[in-house]
Number of protein chains: 2
Amino acid sequence: MEIFIDLEDPNPLFAQLIQQIKDAILKGDLEPGAPLPSIRQLANELELNAKTVAKAYQLLERDSVIQTRGYRGTFVHPDAIANCGQDIAQLVLDKIGEAIETCREAGATDSEIRIAFSHAMNRTSRRN
Amino acid sequence: MEIFIDLEDPNPLFAQLIQQIKDAILKGDLEPGAPLPSIRQLANELELNAKTVAKAYQLLERDSVIQTRGYRGTFVHPDAIANCGQDIAQLVLDKIGEAIETCREAGATDSEIRIAFSHAMNRTSRRN
DNA sequence: ATATGTACCATACGTTGTAATGGTACAACA
DNA sequence: TGTTGTACCATTACAACGTATGGTACATAT
């Protein structure tokens with residue numbers, strides 16, 4: 001694999017990593033079922049912290065782009081190519097956008113929307 | 001009127017002011033039709049900036065809790081007591097809360113939700 | 001032993017963005 | 001002249017958040 005991480009890039013490192021892996025899959029450099037480097041191994045290669053790589057892997061697995069099999073390592077998901085396109089972030093953006101639009105039409109102030117958002121997030125908080 | 005603003009309270013000052021005025025109305029300390037202090041006057045009493053008080057008054061008027069009559073001053077709305085309860089903020093809270101719940105069920109990270117929220121708010125921004 | 005992914009602890013840094021502040025000005029009235 | 005609410009310019013200060021870092025530990029398997 002050839003992955004280049006640009007420290008000057010305004011995008012977060014883990015986001016760059018995600019994008020590069022997706023690109024590699026879409027280009028065919030990584031085929032479904034193919035093994036990926038271990039977290040620690042890839043962290044060494046790229047001179048990143050293992051946590052950063054782990055974060056990227058976790059998000060990729062959530063999106064069904066890769067599969068982790070515990071001690072056996074990590075592999076490209078069978079349906080990876082299809083799942084590279086559909087982004088959960090897009091769904092989130094749509095849902096949140098709709099809600100905001102509704103609130104604004106009701107006459108809500110941006111400040112109020114922010115306060116409500118803050119409360120709603122803290123009401124049942126999870127750390128990620 | 002007896003209003004206490006707590007600088008240590010995590011809630012914004014204008015939000016505290018709104019709540020206190022509503023409370024005063026619900027408690028009967030402020031009756032419908034009663035005059036409120038002018039923006040500058042109240043700002044002096046509470047040692048706040050006039051802009052902060054003005055913001056609170058604007059939101060209260062939007063919710064039909066108070067009425068501003070231009071140069072004549074500001075008064076408690078005739079239907080203030082009823083309008084104190086039904087809060088636009090509550091509707092906002094519900095809508096936003098639903099959207100957040102949907103996103104979380106989809107597996108979205110809190111970070112992703114916050115980022116999406118930020119983007120959605122800035123996409124078509126209005127300052128309030 | 002060695003390696004896997006994962007979990008938890010914690011901290012430092014930078015950025016972002018709101019809230020709040022200040023000042024000035026206006027038209028409309030007493 | 002003084003006051004009302006309102007509007008615009010602007011800046012500062014602060015807190016929240018995300019990112020990335022470091023270390024340690026665990027069960028599971030080769």
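All chains are named by letter (A, B, ...) in the order of the sequence lines, taking the proteins before the strands, and each is independently numbered beginning at 1.
Listed by first and then second residue, the ring-ring contact (aromatic ring centres under 6.0 Å, His included) pairs involving residues 22-56 of chain B amount to none (not counting sequence neighbours).
Side chains of B:K55 and A:S111: a donor-acceptor N/O pair is present below 3.5 angstrom, by distance only.
The 5' end of DNA chain D is approached more closely, in terms of each residue's nearest nucleotide, by B:A54 than by the other of B:E112 and B:A54.
A search for side chain to side chain donor-acceptor pair (under 3.5 Å) contacts involving A:T68 returns A:E61, not counting sequence neighbours. With sequence neighbours excluded, the residues that form a side chain to side chain donor-acceptor pair (under 3.5 Å) with B:D23 are B:Q19. Residues passing the side chain to side chain donor-acceptor pair (under 3.5 Å) test with A:R62, sequence neighbours excluded: B:E112. Every side-chain contact (heavy atoms from CB on, under 4.5 Å) that A:L91 has, sequence neighbours left out, goes to A:K95, B:A106. With sequence neighbours excluded, the residues that form a side-chain contact (heavy atoms from CB on, under 4.5 Å) with B:A54 are B:I39. In this structure, the ring-ring contact (aromatic ring centres under 6.0 Å, His included) partners of A:F117, at least two apart in sequence or on a different chain, are B:F117. Checked against side chain to side chain donor-acceptor pair (under 3.5 Å), A:D94 has the following partners two or more places apart in sequence or in another chain: A:Q90.
Between B:V53 and the options B:N44, B:L13, B:L42, a side-chain contact (heavy atoms from CB on, under 4.5 Å) holds for only B:L42.
Contact annotation for A:S118: no contact, since no heavy-atom pair falls under 4.0 Å across all strands. Heavy atoms of A:Q67 sit nowhere under 4.0 angstrom from any nucleic acid atom.
At whole-Å resolution of the value, CD1 in B:I115 and C1' in C:dT15 are 12 Å apart. Atom CE of A:M121 is separated from atom C1' of D:dG18 by 12 Å (rounded to the nearest Å). Put simply, CD1 on A:I18 is 14 Å from C1' on D:dG18, counting in whole angstrom units. Put simply, NE2 on A:H119 is 12 Å from P on D:dA16, counting in whole angstrom units. Protein atom CD1 of B:I5 is 10 Å distant from nucleotide atom P of C:dT21, rounded to whole Å. Rounded to an integer number of Å, the gap from B:I39 CD1 to D:dT6 C1' is 8 Å. For the pair A:Q58 CD and C:dC8 P, the interatomic distance rounds to 11 Å; values are reported in whole Å. A straight line from CZ of B:F117 to P of D:dC17 spans 12 Å, rounded to a whole angstrom.
A 4.5 Å side-chain heavy-atom check between A:L59 and B:T109 finds at least one atom pair inside the cut-off.
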Protein N or O to nucleotides 20-22 of chain D N or O, pairs below 3.5 Å:
| from | atom 1 | to | atom 2 | distance (Å) |
| --- | --- | --- | --- | --- |
| D:dA20 | OP1 | A:L13 | N | 2.1 |
| D:dA20 | OP2 | A:F14 | N | 3.4 |
| D:dT21 | OP2 | A:N49 | N | 3.3 |
| D:dT21 | OP2 | A:T52 | OG1 | 2.6 |
| D:dG22 | OP2 | A:N49 | ND2 | 3.2 |
| D:dG22 | O6 | A:K51 | NZ | 2.8 |

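Applying the 4.0 Å criterion to OP1 and OP2 of C:dA3, one finds that A:Q41 has every side-chain N and O outside that range. Contact check, B:R114 against D:dC17: a side-chain N or O comes under 4.0 Å of OP1 or OP2. Between A:T74 and C:dG5, a side-chain N or O to OP1/OP2 separation shorter than 4.0 Å is present. Contact check, B:T68 against D:dT6: a side-chain N or O comes under 4.0 Å of OP1 or OP2. Residue A:S38 places at least one side-chain N or O closer than 4.0 Å to OP1 or OP2 of C:dT4.
When the C1' atoms of four end pairs are superposed on the next four at each end of the helix from C:dA1-D:dT30 to C:dA30-D:dT1, using five pairs per end, the two resulting axes differ in direction by 10°, to 10°.
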Report all side-chain donor-acceptor pairs from residues 73-82 of chain B shorter than 3.5 Å, counting only partners two or more places apart or in another chain.
| from | atom 1 | to | atom 2 | distance (Å) |
| --- | --- | --- | --- | --- |
| B:H77 | ND1 | B:D79 | N | 2.9 |

Quiz item: Base, backbone or nothing for each nucleotide of nucleotides 24-30 of chain C, written B, S, -, heavy atoms under 4.0 angstrom, 5' to 3'?
Solution: -B---S-

